Amino acid sequence: MTTSNPSPAYVERVANAFNDNGLGERGDLGAVVKAILLDPEARQGAASNSNFGKAKEPLIRLSQLWRALDATPGASSNGVYRIYASPPSGIDETFGQSVLHSPTVFNFFLPTNPLSASTSSDLVSPEMQILTEANVAAIHNAFHDQIYQFNNQTTGGWDAVTRINIDKAVSLAEDTDQLIDYLDTLLLAGGLSSANRASIAAHINSMPSSAIDANKSKAIEAIYLLTASPEFMVQR
Amino acid sequence: MAVSDNNLLTANDTLAGEIGFNNMLPGLHELYQSDQLAMVSNVGNLVQPTSKAQYAASQALPQDLFAHNSQQKLWPTGSGDLAVSVGWGGSIAEHIADCNNTSNISTAISVAGSNPWLSNLQESYVSLSPNADIQRLRGYADNSSTVSTLEQILANTAANSSSPFEKEMAVTIERSRETANNLYAALQDHTVDDMSPNSGLELQLHLVARLISAREQLGMGKQIFFVGLGGWDTHSGQNQRMVPLLSELDTALSSFQAAISNMNKANSVTTFTASDFGRTLTTNGDGTDHGWGGHALVMGGAVRGGKVYGSFPSFASIDNPDDAGDDENFAGRIIPKISVAQYSATLANWMGVSSAQQHAMLPNLKNFSIKNLGFMG
């Protein structure tokens, strides 16, 4: 829930919470979850440990974008938040996973998957097992479509796609720093590096402010670049 | 669980005598009859030759026998030790990589996801999806500020991030963009239309066939591919479930081999099977349990086919010398007589890996007197 490579001490503290929730009771899962989320190692996070963190599952990234930007179902979707994949792929091929569809009883990925295919580090990253060269591009394109295309779809079955609400981003777009601050806090938990922030700001600032729908274009570019950044894809 | 004689396609082996292929395997039967398919009998994870008594005394056994996840890791490493993380496929890739110096594509390609068989310290492998044409990132061809900003972000993170996760993510995305661009053009030119895939495995092998067809265009000298077909864990309904499974296996392998032959590459491509384990000879009435030794198939023009390598174990249910159980409690789990180390060394040898390199990548090989099973010509 918090990090792919918890220290043995962290694991022990969580195990102790399972054995005794403080009230002498064993097996209190609420206490276990609390122990996982509130442990000092989790609270300090990357500040005290550069190996802290985990890769976000592709569908977690998508649902995070939806939640953060108040997604609404498409008009003809009967209230269902539809996930789309470009044909001929299915959802599994695009995202490496689909909801409740893990291919075996061993989940979508194994707990021992190494972070790097060249195995010189001990770090594991289970979620990276399903990030292949094929679906990296497909996921990127799915996000691109969501951010640039889906809000405009009104016909041909595409009117069932899920839409994101970018109004707040648009309202801040005149001030590039405010726009990036807002999206960085909302989507990256403030994790955008200063160098990447500078690159994105330079690009946004180079867009003409006098163009029609300039603020909307800037907001969309910012959302795209921030969600295409590695800092969005990793939770720390 | 026995299959009756009239559901078998008969074939012959000089030592084993008459053998039978399940009649859902007409294509593979035909390949065996034309000497392009060999069977390796009773192969499995072993540290050293293991007798029934040695098994009973737990001498030098592979770790966690009979569990899917452990055996699915030990077959790819050829080891008995779960801590070993380098796959023998990855080791082969490392040793033959200098055949691919002019290529931008990695030597090893998986079409069935991440897997330990291709894991290696030196060479990363590429994972492709069989169900979709290679996608390139939207806007890849635009000379736009958006794309160059994304490139800056990725390059900066790959070089400077303090988080190994962010770094690896950036590197993966950069590698994917490069792979997609390099492969897209080659695959557009090589559609291998004589395969019309109907199933998951056939789709995977179709992509492999296209990548083999595009070999020269991609600048590849030698290639390694990983494909997969699951569903064999038949604890129940085995006879019914075998029908579509065997049919898929047969059609996919046969149509792949035919396509490869049409490219005049039959002698250059060898296909082999691997599995976590065989099934038990005991049954719960409707299915079987996790076994140990099983049969493997090796297919290709360079294979010395039409033969069974190794020998069939005893099928007795009492006093079975090959059974990993005691005489009162017949386990139905057959102790392999051929190890994964020997099987993989034979294939590595065909790929041009030297004897010294084979021993280095397969430490258990030294425990067996036969280092080459002889099924490759």
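Within every chain, numbering begins at 1; the chains are lettered A, B, ... in the order of the sequence lines, protein sequences first and strands thereafter. Computed from a predicted structure; not experimentally measured. Heavy atoms only: backbone and side chains are in, while hydrogens, waters and symmetry mates are out.
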Worksheet entry | Interatomic distance, B:K167 atom NZ to A:S116 atom OG [nearest 0.5 angstrom] | 11.5 Å

Worksheet item: Tell me, side chain or backbone of A:F109 under 4.5 Å from chain B's heavy atoms, or both, or neither?
Response: neither

Discussion item. Looking only at side-chain N and O atoms, does A:E221 offer a donor or acceptor that is under 3.5 Å from a partner on B:T146?
Written reply: yes

Worksheet item: Which answer fits A:D92, side chain, backbone, both or neither, if we ask what part of it has an atom under 4.5 Å from a heavy atom of chain B?
Response: neither

Fill in: Other residues, nucleotides, ligands: >12 heavy atoms within 6.0 Å of A:E174 CD
no

Worksheet item: For the candidates B:A180, B:P164, B:G230, B:A158, which exhibits the highest count of non-hydrogen atom pairs separated by less than 4.5 Å from chain A?
Response: B:P164

Worksheet item: Within a radius of less than 6.0 Å around CZ of A:R67, do more than 12 heavy atoms belonging to other residues, nucleotides or ligands occur?
Response: no

Worksheet item: Which bit of B:T179 is near chain A, if near means a heavy-atom gap under 4.5 Å: side chain, backbone, both or neither?
Response: side chain

Worksheet entry | Options B:N115, B:L128, B:T157, B:D233, ranked by heavy-atom pairs under 4.5 Å with chain A, top entry | B:T157

Worksheet item: So which bits of residues 226-236 of chain A come within less than 4.5 Å of chain B, counting non-hydrogen atoms only?
Response: A:A228, A:S229, A:P230, A:E231, A:M233, A:V234, A:R236

Fill in: Engaged part of A:L123 at the chain B interface, taking heavy atoms whose separation is under 4.5 Å
side chain

Discussion item. Could you measure the distance from the OG atom of B:S162 to the CG atom of A:N51? Nearest 0.5 Å is fine.
Written reply: 9.5 Å

Fill in: A:H203 and its side chain to side chain donor-acceptor pair (under 3.5 Å) partner, picked from B:S144, B:S145, B:S148
B:S145

Discussion item. Within this structure, what is the CG-CE distance for the pair A:L131 and B:M169, rounded to the nearest 0.5 Å?
Written reply: 5.5 Å

Discussion item. Taking atom NZ as the centre, does A:K56 end up with more than 12 heavy-atom neighbours from other residues, nucleotides or ligands that are less than 6.0 angstrom away?
Written reply: yes

Discussion item. Need one label for A:V105: side chain, backbone, both or neither, based on atoms under 4.5 Å from any heavy atom in chain B.
Written reply: neither

Fill in: Heavy-atom side-chain proximity of B:F165 to A:S4 below 4.5 angstrom
yes

Practice prompt. Determine the minimum heavy-atom distance between B:I153 and A:I200, stating which atoms define it.
Written response: CD1-CG1, 3.6 Å

Discussion item. Can you tell me which portion of A:S193 sits under 4.5 Å from chain B's heavy atoms? Options are side chain, backbone, both or neither.
Written reply: side chain

Item to complete: Using non-hydrogen atoms and a 4.5 Å limit, figure out which bit of A:A55 sits close to chain B: side chain, backbone, both or neither.
Response: both

Practice prompt. With the side chain counted from C-beta on, respond yes when A:V136 and B:R177 share a heavy-atom pair under 4.5 Å apart, and no when they do not.
Written response: no

Discussion item. For a 4.5 angstrom cut-off between non-hydrogen side-chain atoms, does B:L150 reach A:H140?
Written reply: yes

Practice prompt. Name the option with the most non-hydrogen atom pairs under 4.5 Å to chain A; the candidates are B:G231, B:A170, B:S163.
Written response: B:S163

